[in-house]
Every structure is written in structure tokens, then in C-alpha cells.
2 protein chains.
Amino acid sequence: MPGSRLDAIDRKILAELQADGRMTNVELARRVGISAPPCLRRVRTLEEAGFIRGYHADINTRELGFEVQVFAMVGLQSQAEADLSRFEARCRAWPLVRECHMLNGEVDFILKCVAPDLSTFQSFLTEELTAAENVASVKTSLVIRCAKDEPGVPFDVLEARLSKSA
Amino acid sequence: MPGSRLDAIDRKILAELQADGRMTNVELARRVGISAPPCLRRVRTLEEAGFIRGYHADINTRELGFEVQVFAMVGLQSQAEADLSRFEARCRAWPLVRECHMLNGEVDFILKCVAPDLSTFQSFLTEELTAAENVASVKTSLVIRCAKDEPGVPFDVLEARLSKSA
DNA sequence: CCCTCCGCGCAATAATATTTCCCGGCCGCG
DNA sequence: CGCGGCCGGGAAATATTATTGCGCGGAGGG
């Protein structure tokens, strides 16, 4: 099972750093119940092993003038791998597209987009996204409000699973 | 215009901390071109003003055993505010639901969910989500792969806008 | 039973954060 | 004009933290 190479202390470290990425190492060590040096060694190991991909400040997008959030459901004409990759590359190059996920089902991709205002988004939609090569259909939905936005791992679920399988 | 209370240095600070939330204050100060103390003062101010909501480690969800990601489109029977709020509260309480956005259009909500495996998700889907009060329809799409996942602000777009309006 | 290895903790050192104080520019008012 | 408050920045001192090296002890294997 993935994650089993990690012991309880490692998982606690990940959970704490997910909750507060700027926690000092001594505070982190105190919370997970070991001393600072081995704690820092574990963190470095977790980083190098790829369990921790990085640390990021959570910036208030709206306050910075990006008041529009949109989910765009995109269908392509060709689902050949080369065409899928080309579309993904375009998404990575569009700054207004913050997430791009390939899906199963009737829609090929879902994009999460941001924009300063509706007209900016509509320009992007009509001149860039819809006009892009191989794009067959685009359906967009404005985000009215956000009730929950906690990307990451539900560590409580993880611990529950591990204790059951033990 | 929102964001205009921030000068160029503040925006640079936000951009740097979004890219690397564990950057030391001296390194941050060096990058934005001021000395450490005023830099730290600015960071504190940005935190208290809500521009910085927090700092989080970006944990590799898949490596930790959550191999399934799903987008769920949910339609409700009643869109009265009280019913919307009740549904949002339920979403906040479900650990497998990581994001919950209210949308315009034919679908009322879109949820981003994670799960250790398909059967866990299907149990959640049938026993919790679909069975929840006021839920009229649920359409789910599995995430096949993720081409881009960079939540946050496209600071290059922001700077371009500000220089144009100047 | 001994040996090796791995991870922890301790102590010392280097780096960093944080506070304090002071300086210079920038208004608004006298 | 000149004055005085007001930010925002820099320098130095202090406290906190990160980091390294080393010795110890337990787990697993010979």
C-alpha cells in the first residue's frame, strides 16, 4: 500500500506542514514528539522523496483583482494522445488557466480559470480557448461562491484506513 | 481597483511567497530589493490584511494513497438559500470533498473529491452524496490525469494589467 | 551473544528572525 | 516658507532557529 513506507511520525509531519507550511522546525518537532534534528532530517527526506512537492503561500486571489473564477468543460475533436498532449501544453501556457484535468465521460477536460473581470475571460474564451486547434466544444460555468477550498490530503481518513488494516 | 493599495514591492513579495512559501525573509528581501526588517513588516501587514491566507505544504496526494480524484457535478432540488447553505455545510464536513464551488448554469455545485480507491469513492457517492437531503442529481467524472495544477494568482497577468492602466 | 546499522538526542555553531532605534523624505498646517 | 507629525527604510543588537557532528541505544542478523 502506498504511504506505508511512512511511519506515524512522518504522516504527522506531513499533516502539520500541510496545515501550516511555515511552522518552524522546533515547533514541528515538538508537535510530533521528537527532537529537532531528526525532525528536520525527516522533512528533508520527505521533500526529496517527493511526498512534499513544495511550499506555497495561499494568496487571496479575489483581493488581488481576480474576481472571476470559471470552470470550463472542454471537448476535443481528436482524443489521440498527440492531440491530447498538444492541448495540455496549451493549457500550461495560458496563465488564466490554473488547473487542467483530463476526465473520463462525455467531457475530455475540465479547466479552472481565473480572470480580473468577465470581459477578460470572455476574450480569452472566444479568442483563445474556443478558437484553439482541435477544440470541439466548451461549456463554462461561473463560480458564484466557494464553500470549501482545501486542496490536499485528508489525513484523518488516511489514519483511519491504516488503523483498520492493522 | 482592488490590488492597487499594493505597490510593486508588495506584489513581488506575494509572487515570491506564492512560488516558495518557505523562503527566508532575508532571501525574500534580497529578491524584492529592500532590507529585511521592512520586508518582514510588509509580509506581516499582507498577512493581517488577508492578502496572504496562510502557508501550506503541497503534499503528493497520490503517493499517500489517494489514487482517485473525481469531479462531481451536483444538482439540488431546492435552490433556496437555506438549502444551499445546508448542502455547503455538509460538503465542509465530508473529508473526501476537498473543494465545493457553487456555479451558475444547469449544475448547482461542482465538488472536487479524493479517495484511496474507487470502491471507497463509490461508497461515498451512493451512501453519502447521492443520498443526502435535497440532492437531485449527481454526475461524476474521474480524473484520468492532471496536466496543470497551480492554484493561485497569475502575477504576470496582474502586472501586465497594471502597467497598461498606468 | 556480539556485531552492525539505523535513528534518536545532545551540544556547539552558523544562520536567521525579530526587535529597537535612528534617519531622511513627504505632506498638511501654521 | 518653516515646522512637525508620519511613514518607510536601514543598521545594530538580541533572541530564536537551523544545521552539523558525535555518541548512545535498540532492532535485526549472523
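Keep in mind that the numbers below use all heavy atoms, side chains included, and drop hydrogens, waters and symmetry copies. Being a predicted model, the structure only gives us computed values, none of them experimental. Lettering follows sequence order; numbering is per chain, from 1.
Summarising the geometry, the separation between CG on L40(A) and C1' on dT16(C) is reported as 14 Å, rounded to the nearest angstrom. Rounding to whole angstrom units, OH of residue Y55(A) and C1' of dA18(D) are separated by 13 Å. When the P atom of dG9(C) is taken as reference, atom CG of N25(A) falls 12 Å away, rounded to whole Å. One interatomic measurement links the two molecules: CD1 of I9(B) to P of dG8(D), which rounds to 11 Å at whole-angstrom precision. Protein atom CE of M23(A) is 18 Å distant from nucleotide atom P of dT16(D), rounded to whole Å.
R98(A) contributes no side-chain N or O that, together with a main-chain N or O of C113(A), makes up a donor-acceptor pair within less than 3.5 Å.
In the hydrophobic clustering, where aliphatic and aromatic side chains (Ile, Leu, Val, Met, Phe, Trp, Tyr) are joined below 4.5 Å either directly or transitively, L103(A) groups with F71(A), M73(A), V107(A), I110(A), V143(A), F71(B), M73(B), L103(B), V107(B), I110(B), V143(B).
Nucleic acid contact class of R22(A) (heavy atoms, under 4.0 Å, all strands): none.
For R42(A) and dC8(C), the shortest distance from a side-chain N or O to OP1 or OP2 is below 4.0 Å. Listed pair R41(B) / dT19(C) fails the phosphate criterion, with no side-chain N or O lying under 4.0 Å from OP1 or OP2.
Between E16(B) and R11(B), none of the side-chain N atoms (NZ, or NE/NH1/NH2) sits under 4.0 Å from a carboxylate O, so this pair counts as no salt bridge. With salt bridges taken as basic N to acidic carboxylate O contacts below 4.0 Å, one links E106(B) and K139(A).
Between the side chains of T126(B) and Q122(B), not a single donor N or O lies within less than 3.5 Å of an accepting N or O.
Using cut-offs of 30° and 60° on the angle between ring planes, the pair F109(A) and F87(A) is tilted.
Proximity of residues 26-38 of chain A to DNA chain C (heavy atom under 4.0 angstrom from any strand atom) is restricted to I34(A), S35(A), P37(A), P38(A).
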